[in-house]
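Order of the sequence lines sets the chain letters (A, B, ...), proteins ahead of strands, with each chain counted from 1. Here the structure is a predicted model, which is why all the values come from computation and not from measurement.
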Protein chains: 2
Amino acid sequence: MLRLSKLTDYAVLVLARMGEPGPQPALQTAPGLAGRTGLPEPTVAKVLKILAQSGLVEGLRGAKGGYRLVKPLPDIRLSEVVVAFDGPIALTACVEGGDGSCSAEAGCPVRGRWDPVNAAIRNALAGITIADLAGPEATPRPFIPDPELSLAAE
Amino acid sequence: MLRLSKLTDYAVLVLARMGEPGPQPALQTAPGLAGRTGLPEPTVAKVLKILAQSGLVEGLRGAKGGYRLVKPLPDIRLSEVVVAFDGPIALTACVEGGDGSCSAEAGCPVRGRWDPVNAAIRNALAGITIADLAGPEATPRPFIPDPELSLAAE
DNA sequence: GGAAACCGGACGGAGGAGGTCCTATTTCGG
DNA sequence: CCGAAATAGGACCTCCTCCGTCCGGTTTCC
């Protein structure tokens, strides 16, 4: 139903918790965040692993290790999180170079016309930061979408 | 991967074919459209049934029956098609009134903050018509998204 | 050297989407 | 009056993807 995956949802929650000030403002462990978010610990660990692979958080190994935000919440765009978990934002499979999987590729009237739609979605998600979703204590920055991106003429 | 369902994709194709002028500009049968789009006939029939239920096309029964567009392609918003097949546009399950399904509902830092995101997606999809996806022969109308909807302040 | 924590991958179950088919109903044409 | 053509509305089954979990390996601090 045009849903993003549950992992993405969890990731926003985890990032929001990591961003709020506390006793350990910088370094947080997976078990600790699991307890604080109310999510099961293996799931939180998986989320953090993916976030680390994407470069949105930094993982420090060893005892007294943990995860640390690489940049503050207002600088993390929602689109970055979505891409990390759901892959490139593309509403249809008919995007990346025609690999012949589409049977009616030749003479398809909508060939290549989904790109402006994808760009519009991407733009919408890029205009919202995790700070916007985390709460009012974070400092949101206003965002004006570029009209050219909403319906890009070729 | 933030994909919309295949049926939605097919629906756009079918609508695009229905909109282009031809020998029978108004009335088209499911088998005929199947042959013209290259899609399997039962699938096209299913798509048309759903489109008819949503009021986007009108079905005429009996021999010499078929389907007819209710309004021209430039008046059909992509969001209408998406809603018809994928249901209400909501990126997360945490939207409609808290039914207790969310375990960490109380004290959830992102509670209710997804609504602006959903509105932004909805706005992006509403700003594109099937005519925009069908080809240049249809008359596109320029669209300027409302910045207020992209990141609605409460 | 042991404990704590991250890293990477693998595995199985559950849920939803996709595709097909069947029957009933309506309408046109002979 | 009857048969053909086409829509209407389901039911059904299969397959694929996501989700949650777990395991072994590695790194670092006490």
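Distances from the side chain of A63(B) to the nucleotides dT21(D), dG18(C), dA5(D) place dA5(D) closest. When distances run from any side-chain atom of P40(A) to the nucleotides dG10(D), dT21(D), dC22(D), the shortest one goes to dT21(D). With dC7(C), dT7(D), dT20(C) as the choices, the nucleotide that has an atom nearest any side-chain atom of P42(B) turns out to be dT20(C). Taking every side-chain heavy atom of T43(B) into account, dG19(C) is the closest of dT28(D), dA8(D), dG19(C). For A52(B), the side-chain atoms get nearest to dA8(D) when compared with the rest of dA8(D), dG8(C), dA17(C).
Without hydrogens or angle criteria, R122(A) side chain to S79(A) main chain gives no donor-acceptor distance under 3.5 Å. Checking side-chain atoms of D132(A) against main-chain N and O of T129(A) turns up a donor-acceptor pair under 3.5 Å.
Contact of R61(B) with dT25(C) (side chain to base): a donor-acceptor pair of N or O atoms is detected under 3.5 Å.
When rounded to the nearest whole Å, the span between CG of D86(A) and C1' of dC19(D) equals 13 Å. In this entry the distance linking CG of L27(B) with C1' of dT27(C) reads 12 Å, nearest Å. Atom CG in L60(A) sits roughly 18 Å away from atom P in dA4(C) (whole-Å rounding). Separating the CG atom of L48(A) from the P atom of dG8(C) is a distance of 13 Å, rounded to the nearest angstrom. The nearest whole Å value for the distance from the CZ atom in R68(B) to the C1' atom in dT7(D) is 14 Å. To the nearest angstrom, P of dT17(D) lies 17 Å from CG of L2(B). Distance CG (L39(B)) to C1' (dT20(C)): 15 Å, rounded to an integer number of Å. Atom C1' of nucleotide dC19(D) and atom OH of Y10(A) are separated by 8 Å, given to the nearest angstrom.
Taking five base pairs at each end of the helix from dG1(C)-dC30(D) to dG30(C)-dC1(D), the local helix axes there meet at an angle of 10°, rounded to 10°.
No salt bridge links E58(A) with K71(A); every basic N to acidic carboxylate O contact stays at or beyond 4.0 Å.
Each of L60(B), L48(B), L27(B) was checked for a side chain to side chain contact (heavy atoms under 4.5 Å, CB included) with Y67(B), and the lone residue meeting it is L48(B). Of the candidates V82(B), L125(B), D9(B), L125(B) is the only one forming a side chain to side chain contact (heavy atoms under 4.5 Å, CB included) with L91(A).
Between the side chains of Q28(B) and R36(B), at least one donor N or O sits under 3.5 Å from an acceptor N or O.
For dA5(D), neither phosphate oxygen OP1 nor OP2 lies less than 4.0 angstrom from any side-chain nitrogen or oxygen of T29(B). Between Y67(B) and the phosphate of dA6(D), there is no side-chain N or O to OP1/OP2 separation shorter than 4.0 Å. Residue Q53(A) has a polar side-chain atom (N or O) positioned under 4.0 Å from OP1 or OP2 of dG8(C).
L33(A) places a side-chain heavy atom less than 4.5 Å from the side chain of M18(A). Inter-residue side-chain proximity for W114(B) and L133(A) is flagged as met; some heavy-atom pair is nearer than 4.5 Å. In this structure, L4(B) and T92(A) have side chains that are in contact, with non-hydrogen atoms separated by less than 4.5 Å. Using a 4.5 Å cut-off on side-chain heavy atoms (C-beta onward), S54(B) and L51(B) make no contact.
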side-chain contact (heavy atoms from CB on, under 4.5 Å) between T8(A) and L2(B), intermediate numbers included: CA-CA 11 Å; T8(A) 309; L2(B) 200 59; over 6 Å; no
Could you write out each protein N or O paired with an N or O of nucleotides 10-15 of chain C at a distance under 3.5 Å?
none

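Along DNA chain D, the nucleotide nearest K64(A) and the nucleotide nearest E58(B) are compared for position; the residue whose nucleotide lies closer to the 5' end is E58(B).
The residue F85(B) sits apart from the nucleic acid: no heavy atom pair falls under 4.0 Å. Contacts of K6(B) with the nucleic acid, taken as non-hydrogen atoms under 4.0 Å apart, involve only primed sugar atoms and P, OP1 or OP2. Residue-level contact check: A45(A) touches neither bases nor backbone, having no heavy atom under 4.0 Å from any strand.
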